[in-house]
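Have a look at the structure below, then the notes.
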Amino acid sequence: MKIDTIISRLKERYPPGKFGSRDPFRVLISTVLSQRTRDEVTDRATEKLFSKFGDCSALAGADAGDIEDMIREVGFYRVKAPRVKEIARIISNDFKGKVPDDMDTLLTLPGVGRKTANCVLVYGFGMDAVAVDTHVHRISNRLGLVKTKTPQETEMELSRVLPKKYWRDINELLVRFGQDICRPVGPKCPLCPVSELCPSGKKK
Ligand code: SF4
């Protein structure tokens, strides 16, 4: 089946990490910072932020201006700094410092949409969920796995067409594939390990 071949070839090239092994709070904050920001910039800003404010309670008590200074590189940092502080405050006060592990509760946090919530479930808790960011949305459409206009539609469609055993893998695989080969602009189709399965690639 096409999807099995795609996943197995991508897994060969990008061996998956250990899901559920990351700190859920750090995954949550990093994903909030990642909105409209390049991956490498997000990683740098997350590192900087957590090296100054190591955990949820430190961030809850931080000055929003100091948070701004740490995340200045990311898009909309002025909006994100108070948001990060508020998320930390809510988790500290209302959830005893523990990030909730269910979609509905995660969605009540400021600035948290389905992509962020799903990333927390996958990377923070190792749960089966389909986390759709810009890479997953773009590549799933290029490969013809879905035919959708928005990441949310892609999440719904992928949840339908993708066997559950692949849900956790899909985000990491397509993010790494999207950074490496199937780039937003100028995908490197001649180097692509699944080119013969891709309707977009065949046209080139
Ligand atoms: S053939 Fe090109 S467009 Fe298709 S998945 Fe590969 S890199 Fe992306």
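Computation of the quantities below employed the complete heavy-atom set of this structure, encompassing side-chain atoms and omitting hydrogens, waters and symmetry-equivalent molecules. Ligands are counted one by one from 1 in listed order, and the atoms in each one are counted from 1 as well.
You'll find the side chain of V74 reaches within 4.5 Å of the side chain of K80, heavy atoms only.
For ligand 1, the atoms closer than 4.0 angstrom to any heavy atom of C198 are 1 (S), 3 (S), 4 (Fe), 5 (S). Residue contact check: L143 has heavy atoms under 4.0 Å from atoms 5 (S) of ligand 1. If you number the atoms of ligand 1 from 1 as listed, the ones under 4.0 Å from a heavy atom of R142 come out as 3 (S). Atoms of ligand 1 found under 4.0 Å from any heavy atom of S195, numbered from 1 in the order shown, are 1 (S).
Counting backbone and side-chain atoms alike, C192 contributes no N/O/S atom closer than 2.8 Å to atom 8 (Fe) of ligand 1. For C189, the nearest N, O or S atom to atom 2 (Fe) of ligand 1 falls under 2.8 Å.
A salt bridge links R176 with E172: the closest approach of a Lys/Arg side-chain nitrogen to an acidic carboxylate oxygen falls below 4.0 angstrom.
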Compile the donor-acceptor pairs under 3.5 Å between side chains in residues 88-98 and protein atoms, sequence neighbours left out, one pair per line.
residue : atom : partner : partner atom : Å
R89     : NE   : E86     : OE1          : 3.0
R89     : NH2  : E86     : OE2          : 2.9
S92     : OG   : A88     : O            : 3.4

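Under the rule for a side chain to side chain contact (heavy atoms under 4.5 Å, CB included), the partners of E47 that lie at least two apart in sequence or sit in another chain are R26.
Taking SG of C182 as the start and NE2 of H135 as the end, the distance is 10.0 Å to the nearest 0.5 Å.
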